Amino acid sequence: MATTVEYIEYVCEQIRGIGEIRYRKMFGEYMVYVNDKPILLVCDNTVYVKMLDCIADKMDRSSTGIPYKGAKEHYILDIDNINLSKDIICILEAVTPIPKSRKKKDKSSS
């Protein structure tokens, strides 16, 4: 079951006010960006965050799961818990770099 547009919009509404939020559809699922940094992975109407040491204390009672085949295990974020969600996202936003832009190769110069 793919993530619904209604659910991804709900996720973004829950974290409103923590920075510039946008989402991008990727392979039928979504990545949520905060201040242009990829923070949340949303698959099958479930919100995932990377298992990083900086959030381990706050996420120690959270469930874990594999967002898609071939992915590493992630924490499952309870997006209904607004305070926890915003805390986790703020921590992750501080340690997550902005992805480098991928430049397309100019085929005409070959």
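Computed from a predicted model, the values in this text were never measured in an experiment.
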ask   = Any side-chain heavy-atom pair from I76 and D78 closer than 4.5 angstrom?
value = no

Minimum heavy-atom distance [X]-[Y], with the two atoms named:
{"X": "Y75", "Y": "K50", "answer": "CD1-O, 3.7 Å"}
{"X": "I66", "Y": "Y48", "answer": "O-OH, 3.9 Å"}
{"X": "P38", "Y": "P97", "answer": "CD-O, 4.1 Å"}
{"X": "M51", "Y": "E73", "answer": "SD-O, 3.3 Å"}
{"X": "V42", "Y": "T3", "answer": "O-OG1, 3.4 Å"}
{"X": "T4", "Y": "N45", "answer": "N-OD1, 3.0 Å"}

Y10 versus D80, side-chain donor and acceptor atoms under 3.5 Å = yes

Rounded to the nearest 0.5 Å, how far does [atom2] of [Y] lie from [atom1] of [X]?
{"X": "T64", "Y": "K72", "atom1": "OG1", "atom2": "NZ", "answer": "14.5 Å"}
{"X": "M26", "Y": "M31", "atom1": "CE", "atom2": "CE", "answer": "5.5 Å"}
{"X": "C43", "Y": "K69", "atom1": "SG", "atom2": "NZ", "answer": "15.0 Å"}
{"X": "L92", "Y": "L40", "atom1": "CG", "atom2": "CG", "answer": "8.0 Å"}
{"X": "K25", "Y": "Y30", "atom1": "NZ", "atom2": "OH", "answer": "4.0 Å"}
{"X": "C90", "Y": "I55", "atom1": "SG", "atom2": "CD1", "answer": "12.5 Å"}

query = Is there a donor-acceptor contact under 3.5 Å from the side chain of K37 to the main chain of V95?
reply = no

ask   = Counting distance only, does the side-chain N/O of N35 pair as donor-acceptor with the main-chain N or O of E20 below 3.5 Å?
value = yes

Verdict with reasoning, V32 to I8, per side-chain contact (heavy atoms from CB on, under 4.5 Å) = CA-CA 8 Å; V32 177; I8 194 68; 3.6 Å; yes

Are [Y] and [X] connected in a single hydrophobic cluster, I mean Ile/Leu/Val/Met/Phe/Trp/Tyr linked by side-chain heavy atoms less than 4.5 Å apart?
{"X": "I91", "Y": "L77", "value": "yes"}
{"X": "Y7", "Y": "I15", "value": "yes"}
{"X": "Y33", "Y": "F27", "value": "yes"}

message = Does V47 form a side-chain contact (heavy atoms from CB on, under 4.5 Å) with I79? I'd like the steps, not just the answer.
response = CA-CA 7 Å; V47 181; I79 200 66; 4.0 Å; yes

inquiry  = Would you say CZ of R24 has more than 12 non-hydrogen atoms from neighbouring residues, nucleotides or ligands within 6.0 angstrom?
reply    = no

key: Passing option when E93 is tested against I88, V34, D36, I18 for side-chain contact (heavy atoms from CB on, under 4.5 Å)   = V34

key: From CA spacing to verdict: side-chain contact (heavy atoms from CB on, under 4.5 Å), E29, Y68   = CA-CA 9 Å; E29 300 297 350; Y68 56 89; over 6 Å; no

